[in-house]
Every structure is written in C-alpha cells, then in structure tokens.
Amino acid sequence: MGRPKGGAAASSSASSKKPKPKPKQRGGVDFKKYKHKVGRKLPPPKNATSTEIKSKTIVLPEQSMASERAGMAVNKRGLTLRELLQQTAHYNANVRRAALNGIKDIVVKHPTELKLHKVAIIEKLQERICDTDKVVRESLYSILQSMIFPSLKEDNAISTRSTLFLLMANILNGMTHLSIDIQLMAFRFLELVVLNFPSSFSSYAEQAFNNFIAVLSNDRINLHDRNKLNSVLSGLGHCLSLVAKTMENDDISNRQVHDLSARELWKCTSDEDNSVGRAFAMPNLLVKLQSLVQILINSVEVSASELCAKSAIDASSSEALLSALHCLDIICRIFIHEVKKPQLRFSISKTQFGPDWLRSSLLIHLKNLWGVKRLFHEKEDGKFFIFNLKIAEIFLCLSAWIDSTMFPAEEFCHFVSSLFAKAKTLRNKDLMEMYLSPIITCIPDLIFNAPDDSKEHLLEAFTDAFRGCKVDCKLIFPYLDAVGEMLLPEKTGTWFAEDGSGVLGYHDVWIHELPRILLQSIDKAPSVTKVVLELLLRIGQYFPTLDCENLRPFIKLFGVESSSGAVELGPFVNLARDCQELATSCLYYFPSLLPDIIGPLASCCLSDALEPLVLFRVVEVLQSTYKAGSLQITELLSFLLLLMARFRVHPGGLVTSGNPSKDLSKTIEGGFQPDKTRLFQYFIKPCTIMFDKNDKVLCSTLEMLKSFITGDDHLLSSLSNFNYPGELSCRVCAVTTILIFLCNDRKLHRNLSFGKSVIKGILDYIRHQLGSSGPNVTYEEKQKLRSAFEQLKTKALQLNCWDRSELEGLSITR
C-alpha cells in the first residue's frame, strides 16, 4: 500500500461524491417497518396469543376427603388409626416417631378405638420391638406399659394368650439381635410382660434364661459399659422371683392333692393343662440357673474390684452390683426349696437334686463371694455395708448346709454381729429397713445351727439391736418374729431353751422388753400392739410357770393406782376390739399380776368407753382363773361387788356411770330394760352362786352394803376412780336395787334370813333419815328414800323368816 498523495485534494474529492440511491424492490413488502418514538408502549402484535387468566369461584357442597373422615377418630394432624399404623413401618424414623405419638393421641382421646382394634394395633406395633431407632422403641415401651397392657388384662385368657404369642416371638427375636441396644431393650420388654402377665412366662422360660446367659456372658457389654446391664439384671430378678413364687404355689397345690383319689387327681391334672399358667420344667431350669450362678459371681467379683478401686461409687454401678446379688439370693432360695421339696406318694423317682448336688453346684462357687465379703468389710462407706448385708443374706439362707471347713462358722457369726453393730450408724432408715430385715429373719436358724462357742457375740448383738429398735420402725416386726421363734417352738418345732443353744439366758431380757414395746406402740404404732399381745399370750400358754416379774409393766395397760386409792385409767379401754380380747385372755396366764390388776381392771370395766361384750369376757376370764385356783376368792369378790355397787338406776334402766337415779319406783314398777337387766344379772350371777353355798359370805356382803349406805365405810369407792356418791339417795337406790335382785332369787331366801337383822337395820336407817328434819335431806331425796323403803320392805316380807310384827313397826311417819 502506498501513502496517499495530496491530503487536501483527496478530501475534497471524497466529499463531493454523493451516495447512490438504493434500487427499489420489486413486488410486495413483507414487513412494514415503523419508526416509533422513544417512551411509547408498543402495541401487541396482531398474531399475539392472549395470556390473561380469568377465573370464577366454585362453591361445592362438600369435599370428598371430608366426607370420608366424618365421624372418624383422628389425631391432631387429622390422621386416622389405620393411616398411623401404616406409617409405623415408614422408612423414615421421624415419620415412625410421629405415627406412634399419633396413636397415643388417638387412644387418649378415643379409648374405644383401643378396645375395638386392640389385636390389630398389637400385631402392627410388635414389629417395632426390633426398630433401629431408639426413640421409636422407647415410645413403643411407653404405649405398651400405660395403654395396651392395662386394657389387655381385661380380656379373656384365650385371646390374651394368642396376642402375647405374637409379642413374645418378637421379644425373643430381639434378644438375639446383632445390635446390643436392641438386645437390651428386648429384655426390658420381657420384664414388662412378666410384670403384667406372669402366668405366660412359663412357656418361654427356657428360651428366656438361655438369652439371659448369652447376654450376661457377652464381653462386649461387660467390658465397655456395665451400666447397661441394669435393665437385664432387673428383668432377671423379676423372672427368678416368678419362678420362686410358682414353686411355692405348686407346693400348696401338691399338699392339697396329696390324698386325692385317682379320679380327682386326673381332674386336677386336666384343669392344670387347660389353665393359662403351667409349671416350670424344673430339671432343665435348674441346670440353666446353675450356669447363671457362676456368671453372676464372676460379674460380682469384677464389679467389686472396680468399685473398691474408685474414689467414689456411682449410682449405676452400685445398682448393678445390688441387682446381681439379689439374683444370686433368689437362685439360692430356689435351690434350697428344690432340695427340701417333699416327695409325693405318686412320684415316679426320687429327685436328683439333693444336698450333695447343692454343695457341688452352689456352695463351691460361693467361695469367691466369701472373698468379696472380706473386701467390702474393710471399707467404711455405707454402700459397702449394704453390699455386705446382701451377701450375709445369701449365706444365712444356706446356713443349714454350710460346711465349717469351707466357711468358718465363728468368722461368719462375728461378721453378722458386726453388721448389727454397724446398722446403728446407718442414717438412711429406708435402706436399713429394706436390707436388715432379711438378716433378722434368718437369725433363729443361724443360732440353732452355729456351734455353741460362736453364739454369744451374735446373741448379744441381736439383743442390743432389739432393745434399740423403735416401735415405729418397720424392723420391729421381724425382731418380734425372731424373738417369738426363739422363745416358742411353734414354727421350728425346736425348744431353743432345751437344746443347749445358749438362748435361755436371754429369755428374760426379751420378755422384759415386750411390755415396754406394747405401751409405746399404742400411740405410735397401733399395728404393733396386736403383734405384741399375741406374742405375750403365746408365751403365757407355753410357759405356765413363768415368773411374771419381768411383765409387771403390763399392769399399766389397765391403769395405775396411786397411794391414795385413786386409779388413773390405762389405754385398755381405747384399744381395738381384737386387742382388748387378747389383753383379757392374757390375764388367765399371768395370775401373779392379778392382785395388782384387779383395781385398775374394775375401773376400766366401769368406764363408758368399754363395750358390754368386753365386760362379759373379763368376768368369764376371771371366773376361769378362779376355778383353776390361780385367783383368790376375796379378789374375785371385791371385783364383782364393786361392779354391782357401782351400777346405778334411772328411769331408762341400769347404767354404769352418769347422774344419780331420779325415780326408783318407776324403774322397779315398769321393769328394767331387757339388755340392762341381763347385764346386771350376768354380773351378779357368780355372787349368787357363792351366796347360795356360803351364808357367811352373804352376811358379810350385807354388812358391807349397810356400811356403804350409812357412809361409814368407803372401801368400795376406793377401788374405783369414780367419785364417791355423796347423796344419800344415790347410795340407797344402788343398795336397794342389789337387795331386790337377791330377794327375787328363791334359792337365797334361807341364807338371807340369817342376815335379816342387817336388812332390818338398813330399813331402820332409811326410816330414820325420812323422819329427820335436817337440811342435808331435801324433799326430793325424801321421795326417793320413801319409794326405796317401800320396795325393799315389800321384798323383805316375802322372805318369810320373821314375824310380821317385826316389820310392821317400821312405818314411815307421813
């Protein structure tokens, strides 16, 4: 390219050239081009498609979904039970959780849904036992526990059995699951079934115990997290308790059918086959329990070593160790029960599980537990003390089979004695009552089987603990049972006092504590009162020559008599009816206490709080005591005369206390009320028998009644806590009533004639008081005296023992 030549000339030539016009196109125009101004809206093209949407409201009378759910039970989200059951199998765990919560909501709002669809609900929910989500399994556990199982108990046995069959199939499947968490949760489901339906467990017992052995032997659980075993051990404890309870019930049934005929026995067997609960296959079961013993003891050893190495004991480890010891205790009791089981006459062969088997299968494994006991004994923590209490309980139930060469008896007795001594320092009262009670119950057997040189420390520790036990503590009941068992041969059939067991020296100490416990329990623990009274009554029956000096506080039960003769009533009148009966029966067996009890007992009998039936019973017991030669006649007479003298008369009948009589004539003319008359006659009957046999006793009684009227002798009033009747009319009415009853008995007419001078003296004294004009005798009292005088005079004339002139002279000055 060359350089342009001449710049100015070139530019002028270019500007002078004009552009050539474009040639016009031939034909029509395809598109017309419009030139629009800026800012104006373009009109739509002619071939544009309209995009506007026009709608109108459509009103329907009902929706199809709403019509289908009308009247149906739905949850908060509007889902029915069928839809929720379908969602329980959803692949999403959140949906399954929401479905279970929805089912719970429906059952709470509509309980009838559970009753109508119970089987369908269980069939669908049992699939969730092995669910991989923990929250789903926990929700299912809550639904079964709070809703389904309580409702399932109301069904008949056949439907319940078929429903539980499906449930147990999944539970047993879960116990063998690869996931440890699902396994442990399956054991919780088993425990729930056992607690609610115990009779169904026997059908699955062998499979269940196999799974227990497998999971407890699993090293993955033992080494990584022992606390997870708490649920397994808790379920095992309930299953073992059920086996032990079933064995006891079987023994009761065996004793009932032992003497039945063949036809009746066949009927009982067929009934058992048709029942829900069946007996356990004990031979196979005992073999599995034997394997469990070794596993549990190994677990206890490892746990004990870990706990002793720790500075502080956590609650989960402590609970796991206690659960393992509890399971061991139940297994030992099952073994002992099997060894002691009596053989029925129709047994085919003798059981192979005898004492030798017990020593080889159980005691040989307990050696390691003995070492754990020593390890805990060195610790000062209260929890280790609880562990030792549980270990002691295991060995105590085996005390009859323990070999001293294997387990030194002296060491064991010292060990138990130290537990009683340390129990005083335990602050947790609930724990002490829970774990010390079984130890107290086993003390009699331990004392009976232990060597003589090992018993002294144990008896001393037991006695100190018994003295220090408060009446409002629950331990007082096992203490009283143990004392009764060592004092009496009722349960064991052995007289501890005669077998050289060393118990005899502690008899007096234990008996001396019983009245103290009795008096303290009346206000603080009424349930203890009856137990103590029953024990006192049995002691009196078995020891007729018992020295009652140790029982002198028993007198305070009826009252306390002061030096002045006044009596303060004891709590006897406020006791329950059965306790009053027991206390009254004790009087027959403690005759040496009666001279001091008569006065307070009479005061109790005169109390309004005491029922008439109790009065009858008291008189019967005293009569029996007198006939047995244990009660003096003077003491019985003083008691009966006091009761007669204190009966007062009013227009309605006889009463034992209250206001003085106001109209004796109306009472005698109209007659006493039948019940009151019978009560009075019951009291006076023993006296009439004695009066008929001995005229001197009758004459002495008449002299006493005369002195009572004249006010010269206050002997009768001193025997009672009631005020001495100061009004003359009161004393006259009481004595006149007694004399009229005596005169109505024709058998006494002859002996009454010997005391006619005393009767005449009574009439003369009444006449003299009527004739006096002193201010002490009011007009109202004179009317009472006049009526009593006429009634007594009329009855006295019927004796036919004197001249009419002797009594005609006794006329009242009008």
Side-chain angles (χ1 to χ4, degrees), residues 515 518-519 533 536-537 540 546-575 580-647 656-657 679-680 682-691 694 697 700-701 704-705 707-708 713-724 738:
L518 172 64
L519 296 175
L533 286 172
L536 286 172
L537 181 60
L546 177 69
D547 184 9
C548 297
E549 285 301 317
N550 292 322
L551 295 174
R552 294 205 68 82
F554 181 74
I555 301 173
K556 297 180 181 179
L557 179 66
F558 302 94
V560 179
E561 187 173 359
S562 64
S563 58
S564 61
V567 176
E568 180 181 355
L569 285 181
F572 172 76
V573 294
N574 298 320
L575 291 178
Q580 288 177 338
E581 171 68 24
L582 290 170
T584 304
S585 301
C586 288
L587 298 176
Y588 180 85
Y589 299 102
F590 305 139
S592 61
L593 300 179
L594 285 177
D596 297 322
I597 291 180
I598 286 294
L601 180 61
S603 300
C604 292
C605 292
L606 294 172
S607 173
D608 291 334
L610 204 66
E611 297 181 4
L613 292 177
V614 182
L615 297 179
F616 296 151
R617 181 58 180 159
V618 169
V619 175
E620 286 177 354
V621 171
L622 292 180
Q623 284 180 333
S624 300
T625 309
Y626 168 71
K627 291 179 180 179
S630 303
L631 182 64
Q632 298 294 328
I633 188 173
T634 55
E635 297 167 354
L636 180 61
L637 276 177
S638 63
F639 175 79
L640 295 174
L641 289 175
L642 175 61
L643 294 183
M644 289 188 298
R646 296 306 299 171
F647 265 88
T656 57
S657 62
L679 180 64
F680 187 83
Y682 186 83
F683 284 143
I684 205 172
K685 184 178 180 180
C687 297
T688 56
I689 296 175
M690 288 185 290
F691 293 159
N694 195 329
V697 175
S700 177
T701 303
M704 186 183 299
L705 293 176
S707 300
F708 179 72
D713 191 355
H714 294 259
L715 175 62
L716 293 176
S717 62
S718 64
L719 296 176
S720 174
N721 64 329
F722 292 102
N723 294 328
Y724 185 79
I738 296 173

Would you mind reporting whether Y626 and V621 have side-chain heavy atoms less than 4.5 Å apart?
no

Looking at side-chain heavy atoms only, is the closest gap between L557 and P571 below 4.5 Å?
yes

Mind checking whether L551 and L536 have side chains closer than 4.5 Å, heavy atoms only?
yes

Distance-minimising heavy-atom pair for L610 and Q580:
CD1-NE2, 3.6 Å

Calculate, to the nearest 0.5 Å, the distance between atoms CD and OG1 belonging to E635 and T625 respectively.
10.5 Å

Between F639 and C605, does a side-chain contact (heavy atoms from CB on, under 4.5 Å) hold up when you go through it step by step?
CA-CA 10 Å; F639 175 79; C605 292; 3.8 Å; yes

After noting the C-alpha distance and the side-chain angles of T701 and L637, does the key distance pass the side-chain contact (heavy atoms from CB on, under 4.5 Å) rule?
CA-CA 9 Å; T701 303; L637 276 177; 5.6 Å; no

To the nearest 0.5 Å, what is the distance between NZ on K556 and CD on E568?
11.0 Å

Side chains of V619 and L615: closer than 4.5 Å at any heavy-atom pair?
no

I'd like to check L569 versus C604 (side-chain heavy atoms, cut-off strictly below 4.5 Å). Are they in contact?
yes

Determine whether F572 and V614 make a side-chain contact, defined as any pair of heavy atoms from C-beta on separated by less than 4.5 Å.
yes

Validation: residues 585-598 side-chain donor-acceptor distances under 3.5 Å, sequence neighbours left out:
unit_1: S585; atom_1: OG; unit_2: E581; atom_2: O; d: 2.9
unit_1: D596; atom_1: OD2; unit_2: R552; atom_2: NH2; d: 2.2

